[in-house]
Structures are given as C-alpha cells and as structure tokens.
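The block underneath contains the structure these notes are about, expressed in structure tokens.
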Amino acid sequence: MNPLNHVAIIMDGNGRWGLKNKNSRNAGHKAGLNTVEKVIKETIKNKIKFLTLYAFSTENWKRPKKEVNFLFNLLENFLKSRIDDLNKKKIKLKIIGVKNFSKNLNNLLNASEKKTVKNKKLQINLALNYGSKFELLNAFKELKKNRKTINEKNIEKYLQTTNIPDPDLLIRTGNTKRLSNFLLWQLAYSEIFFEKKLWPDFTEKDYNKIIKKFKNTKRNYGRI
Ligand code: FPP
C-alpha cells in the first residue's frame with residue numbers, strides 16, 4: 001500500500017453549486033467552507049501530515065469585486081473564529097502565495113501562521129493569491145540574483161513549498177480536468193483524481209474512497 005503523506009486539493013465547483021441550489025455563487029463558497037472543515041477532520045483521521053488547499057489563484061482577481069470581497073471576508077471570519085481550535089488540534093497553518101492583501105488580512109494571516117508554527121499533527125498549506133508560473137519565475141530570479149547553480153535542489157529551495165514534500169495525491173472536484181496553474185513543479189509525480197461532484201457536495205465518503213484507491217495504485221516513477 002502506498003504511504004500517503006500529502007494531499008493537495010483544487011476545490012472547484014462552489015460557484016456552480018451556489019447558482020444551482022441558492023441562486024448565488026457566494027452561497028456556494030459558504031457551503032464550500034463546510035466541506036473544508038469535513039476534509040480537515042478526515043485528513044487527521046487518516047493520519048495524513050500535509051493538506052494543501054487551493055483557495056484563491058492569481059487568476060481569481062479577474063472575478064467580480066463582490067465575489068472577491070466575499071471570499072476574503074469568508075476567509076477572515078474563518079480564521080478569526082477557528083484558529084484557536086485549529087491550534088488546539090495541533091494544526092499548523094502555512095500560506096503559500098503572495099500575501100499582498102489588506103493590512104488587516106495580512107496581519108491576521110501572519111498571526112495565524114505564527115500562532116500555529118510549532119504544531120505537528122497536520123500542516124495545512126492554504127494557497128492564496130497563488131500561481132505556479134509566478135512561483136517558478138520568482139525561484140529562477142532568486143537563483144540568478146544569488147548566483148546559485150540551477151539544479152532541482154536549489155530550485156526547490158526558492159519555491160513557496162520549500163521543506164514541504166511533494167503531494168502524493170491531487171484531487172480536483174467539479175468535473176473539470178485541468179491543473180489551473182497549481183503546483184506545476186510539485187505535482188510532477190502525483191497521482192491525480194478528478195471528481196465529478198462539485199466541492200460543496202464532496203463528502204467524507206468520497207474522500208475516503210479516493211484515498212483507498214490511491215493507496216492501492218501502483219506508483220512506478222518511470223520504472224515498470
Ligand atoms: C472554486 O470554485 C473555488 C474557489 C475559487 C474558492 C475556494 C474557497 C472555498 C472552498 C471557501 C473558502 C475557503 C477557506 C479556506 C476560507 P469556483 O467558484 O471556481 O466554482 P465554479 O467552477 O463552479 O465557478
């Protein structure tokens with residue numbers, strides 16, 4: 001059975017769920033947050049050490065301002081109300097992406113990271129204002145600036161995910177088969193599962209079914 005250390009998730013389908021069920025895309029984001037809570041619980045139950053969630057991409061700024069504001073308010077309320085409990089559960093929060101939000105939100109994100117930095121049960125990497133091409137370009141620029149040799153080890157040192165093992169498993173919900181500028185370097189050998197269900201409809205049972213399938217998949221890494 002394959003060990004499972006790191007799950008990455010593209011939580012897609014909130015908007016469609018919201019429109020279909022509540023006539024509002026934002027209602028879908030709100031419902032999506034419940035799935036986030038369920039998946040965190042199940043990740044701990046499965047003794048998985050890293051969970052990376054794609055919450056906001058560099059391309060998501062192109063959405064209407066009202067939706068962008070709603071998403072960041074949701075995030076702010078989530079952190080304010082849940083960070084103490086996450087901390088009690090020994091969860092470490094790390095933001096990957098560029099933290100160039102409002103001063104308030106930046107402070108809240110930094111404080112949440114600081115508060116949980118020593119926790120070892122589960123590390124949640126929240127991808128916010130994250131884009132993989134930008135991350136790679138930035139790494140190459142840093143290598144050049146610091147006159148470092150271009151090799152895998154040095155590139156990884158300058159990625160936002162430095163010291164985080166590559167995902168073993170990527171799940172994308174929402175019945176769409178693309179990577180959307182997410183962890184393009186880090187997913188080189190990950191097993192990818194595309195799930196038809198929209199993110200708010202994704203259940204513990206669906207998650208465990210994928211985990212079970214993953215564990216029984218033969219991973220070759222180029223060998224036979
Ligand atoms: C993609 O669905 C989802 C997002 C861009 C936001 C993800 C946010 C959440 C799950 C809730 C907030 C999370 C935290 C951690 C506070 P979409 O809107 O692209 O769906 P669509 O493809 O149906 O339009």
Side-chain angles (χ1 to χ4, degrees), residues 7-44 50-87 89 91-99 101-102 104-113 115-116 122-132 160 170-183 193-204 206-207:
V7 177
I9 307 184
I10 302 177
M11 312 179 284
D12 193 20
N14 287 349
R16 276 167 286 160
W17 187 95
L19 282 179
K20 196 176 95 193
N21 293 287
K22 314 251 177 194
N23 204 22
S24 139
R25 289 182 53 84
N26 287 345
H29 294 309
K30 203 166 156 217
L33 196 51
N34 295 331
T35 309
V36 170
E37 296 271 10
K38 284 187 216 162
V39 162
I40 293 174
K41 253 195 212 151
E42 219 49 37
T43 304
I44 293 175
F50 296 88
L51 173 68
T52 301
L53 300 173
Y54 204 7
F56 196 86
S57 73
T58 44
E59 289 75 28
N60 286 148
W61 294 109
K62 294 176 197 150
R63 295 187 176 203
K65 206 163 176 242
K66 237 176 105 183
E67 181 167 337
V68 172
N69 287 341
F70 185 89
L71 275 168
F72 285 114
N73 275 331
L74 200 62
L75 173 67
E76 202 174 318
N77 291 335
F78 172 74
L79 287 178
K80 281 184 178 157
S81 61
R82 299 286 291 112
I83 196 66
D84 283 336
D85 185 52
L86 295 180
N87 191 31
K89 294 194 167 106
I91 294 172
K92 172 176 173 177
L93 182 74
K94 162 139 181 87
I95 308 301
I96 59 168
V98 181
K99 276 183 255 165
F101 312 109
S102 68
N104 264 348
L105 183 57
N106 281 343
N107 287 343
L108 179 64
L109 293 170
N110 288 332
S112 305
E113 285 186 297
K115 183 173 245 174
T116 60
L122 166 69
Q123 175 168 333
I124 298 179
N125 307 305
L126 198 56
L128 281 178
N129 191 20
Y130 174 85
S132 189
Q160 305 251 333
L170 171 75
I171 300 170
R172 180 178 188 136
T173 59
N175 202 20
T176 307
K177 294 183 176 142
R178 55 174 170 254
L179 293 179
S180 300
N181 202 13
F182 188 49
L183 304 175
F193 285 73
F194 293 106
E195 163 67 47
K196 285 204 171 90
K197 281 191 183 175
L198 305 174
W199 178 247
D201 288 330
F202 189 66
T203 64
E204 290 94 337
D206 299 322
Y207 189 33

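Order of appearance sets the numbers: ligands from 1, and atoms from 1 within every ligand.
- Heavy-atom distances between Asp12 and ligand 1 reach below 4.0 Å in at least one pair.
- Annotation: ring-ring contact (aromatic ring centres under 6.0 Å, His included) contacts of Phe56 (sequence neighbours excluded): Trp61, Phe72.
- Legend: salt bridge (charged side-chain N to carboxylate O under 4.0 Å, His left out) pairs involving residues 21-35, not counting sequence neighbours, sorted by first then second residue: Arg25-Glu67.
- Put simply, the side chain of Asn60 gets close to the backbone of Ser57: a donor and an acceptor are under 3.5 Å apart.
- Around NZ of Lys41, the count of heavy atoms belonging to other residues, nucleotides or ligands within 6.0 Å does not exceed 12.
- Proximity annotation for atom 7 (C) of ligand 1: of Ser57, Gly15, Ala55, Ala55 comes nearest, heavy atoms only.
- Between Lys80 and Glu76 there is a salt bridge, with a side-chain nitrogen of the basic residue lying less than 4.0 Å from a carboxylate oxygen of the acidic one.
- Atoms of ligand 1 lying under 4.0 Å from at least one heavy atom of Arg63, given by number and element, are 5 (C), 17 (P), 18 (O), 19 (O).
- Judged by the shortest distance from any of its heavy atoms, Gly13 lies inside the 4.0 Å radius around the atoms of ligand 1.
- Residue contact check: Asn60 has heavy atoms under 4.0 Å from atoms 5 (C) of ligand 1.
- Rounded to the nearest 0.5 Å, atoms CG (Leu86) and OG1 (Thr116) are 8.0 Å apart.
- Remark: ligand 1 atoms within the under-4.0 Å shell around heavy atoms of Trp199 are 10 (C).
- Between atom 12 (C) of ligand 1 and the options Thr35, Leu74, Ile10, the minimum heavy-atom separation is to Leu74.
- Using a 4.0 Å cut-off to heavy atoms of Leu75, the atoms of ligand 1 that qualify are 16 (C).
- Using a 4.0 Å heavy-atom cutoff, Lys30 is absent from the residues neighbouring ligand 1.
- Listed for the Gln123 side chain is no donor-acceptor partner under 3.5 Å among the backbone atoms of Lys94.
- Taking atom 14 (C) of ligand 1 as the reference point, the nearest protein heavy-atom neighbour is Leu33 CD1, 3.6 Å.
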